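Computed from a predicted model, the values in this text were never measured in an experiment. Residue numbers start at 1 and run along the sequence shown. Each ligand, and each atom within it, is numbered from 1 in the order the structure gives.
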Amino acid sequence: MSLRVVVPIKRVIDFALKPRVKGGAAAIETAGVKFSLNPFCEIAVEEAVRLREKGVAKTVTTVSAGNGKAADVLRNSLAMGADRAVHIETDTADATSLALEPLAVAKLLKAFVDKEGADVVVLGKQAVDDDSNQVGQMLAGLLGWSQATNASKVEVDGSRVLVTREVDGGEETLAAALPLVVTTDLRLNTPRYARLQDIMKAKKKKIEKTSPAELGVDIAPRLETVSLAEPAARQGGARVPDVAALVAKLKAAGAV
Ligand code: AMP
């Protein structure tokens, strides 16, 4: 087997940070905020590189759509072992939420995959900024390919791929025909830390560029974010001496 694997990756606000709403705007504050590779995309890169290390994949190409800063995560993917990295350059505002809608991303990826002639596309199951969980499914629909979402194990078995998914109360294994779109769940693997020498080498590697116009895709938004609000601040907790006091408090608050 010598599959050509494409891994779409997204630069998002670091998962450890709490996003803040920009004062007076229906947008997230991005100034002075740390961005990193979406964790599910990191898992996707790791899985693709492992497939190449096992001799199942011939090439691993990462691709990211976004403004100039998307190049950062593409470099990370090269340091992790991707062979090539391609930037679909857009003039959208700093990533997060709907700067580039899932449908627009799926259309860009469809055009890219057609051009590349890939056999497998491995995506994150969701981007942790907009939590859309849409791009993989839309891409499979646009390509007319098989799809196996939320994978916790991927094994290539001849001309088919066995994908295990965690479902309510157990696991399900699907046998999917190639070409295939897979989306990654958290337990699929533990991504490697890139070695310093690989990080240094990745800095010198070329990031290829293309654009929505070159791919013939209209990325104009179709959705409008009407409002965005942070959750109400949590009220402080209090200790009660015994159950009777707890019940009295709950009654007073109208909870029971
Ligand atoms: P979403 O449907 O937005 O939650 O994203 C699911 C997956 O689609 C991500 O984990 C990425 O693999 C891919 N994806 C989303 N946005 C982009 C983007 N701008 N560029 C490349 N891949 C993306």
How far is [atom] from its nearest protein heavy atom, and which residue and atom name does that atom have?
atom: atom 12 (O) of ligand 1; answer: Pro8 O, 2.7 Å
atom: atom 3 (O) of ligand 1; answer: Asp130 OD1, 3.3 Å
atom: atom 8 (O) of ligand 1; answer: Val135 CB, 3.3 Å
atom: atom 16 (N) of ligand 1; answer: Lys10 CD, 3.3 Å
atom: atom 9 (C) of ligand 1; answer: Cys41 SG, 3.7 Å
atom: atom 5 (O) of ligand 1; answer: Ala127 N, 3.5 Å

Q: Output yes when the distance from some N or O of ligand 1 to some N or O of Pro102 is under 3.5 Å, and no in every other case.
A: no

Q.
Considering both backbone and side-chain atoms of Lys125, is one of its nitrogen or oxygen atoms within less than 3.5 Å of a nitrogen or oxygen in ligand 1?
A. no

Q) Going only through I, L, V, M, F, W and Y residues with side-chain contacts under 4.5 Å, is there a path from Leu215 to Leu103? A) no

Q: Check the hydrophobic clustering (I, L, V, M, F, W, Y; side-chain heavy atoms under 4.5 Å; chains of links allowed) and say if Ile207 and Val73 are grouped together.
A: yes

Tell me the nearest of [options] to [atom], using heavy-atom distances.
atom: atom 20 (N) of ligand 1; options: Gly124, Ala104, Ala65; result: Ala65
atom: atom 14 (N) of ligand 1; options: Val105, Asn133, Thr90, Asp129; result: Val105
atom: atom 13 (C) of ligand 1; options: Ile88, Thr62, Ile9, Leu123; result: Leu123

Q. Checking Asp14 side chain against Ala16 main chain: does a donor-acceptor pair fall under 3.5 Å?
A. yes

Q: Of all the heavy-atom pairs spanning Ser77 and Thr62, show the shortest one and how long it is.
A: OG-OG1, 2.8 Å

**Q.** Contact with ligand 1 for Gly136, non-hydrogen, under 4.0 angstrom
**A.** no

(Q) In this structure, does ligand 1 have an atom that sits under 4.0 Å from one of the heavy atoms of Gly66? (A) no

Q: Report yes if the side chains of Pro19 and Asp129 come closer than 4.5 Å at any heavy-atom pair, otherwise no.
A: no

Q: Mind checking whether Val63 contacts ligand 1 via backbone (N, CA, C, O), side chain (CB onward), both or neither, at a 4.0 Å heavy-atom cut-off?
A: backbone

Q.
For Asp72, is there an ion pair with Arg75 - N to carboxylate O distance below 4.0 angstrom?
A. no

**Q.** Sidechain N-carboxylate O distance under 4.0 Å for Glu101, Arg222
**A.** no

Q. Between the side chains of Arg165 and Thr149, does any donor sit under 3.5 Å from an acceptor?
A. yes

Q: Find all atoms of ligand 1 within a distance of less than 4.0 Å from any non-hydrogen atom belonging to Asn38, and give their numbers and elements.
A: 10 (O)

Return all side-chain donor-acceptor pairs below 3.5 angstrom for residues 42-49, not counting sequence neighbours, or 'none' if the list is empty.
| unit_1 | atom_1 | unit_2 | atom_2 | d |
| --- | --- | --- | --- | --- |
| Glu46 | OE1 | Arg192 | N | 2.9 |
| Glu46 | OE1 | Arg192 | NE | 2.8 |
| Glu46 | OE2 | Arg50 | NE | 2.7 |
| Glu46 | OE2 | Arg50 | NH2 | 3.3 |
| Glu46 | OE2 | Arg192 | NE | 3.3 |
| Glu46 | OE2 | Arg192 | NH2 | 3.0 |
| Glu47 | OE1 | Asn189 | ND2 | 2.8 |

Q) Pairs in or reaching into residues 229-256: which pass side chain to side chain donor-acceptor pair (under 3.5 Å), with residues at least two apart or in two chains? A) Arg20-Glu230

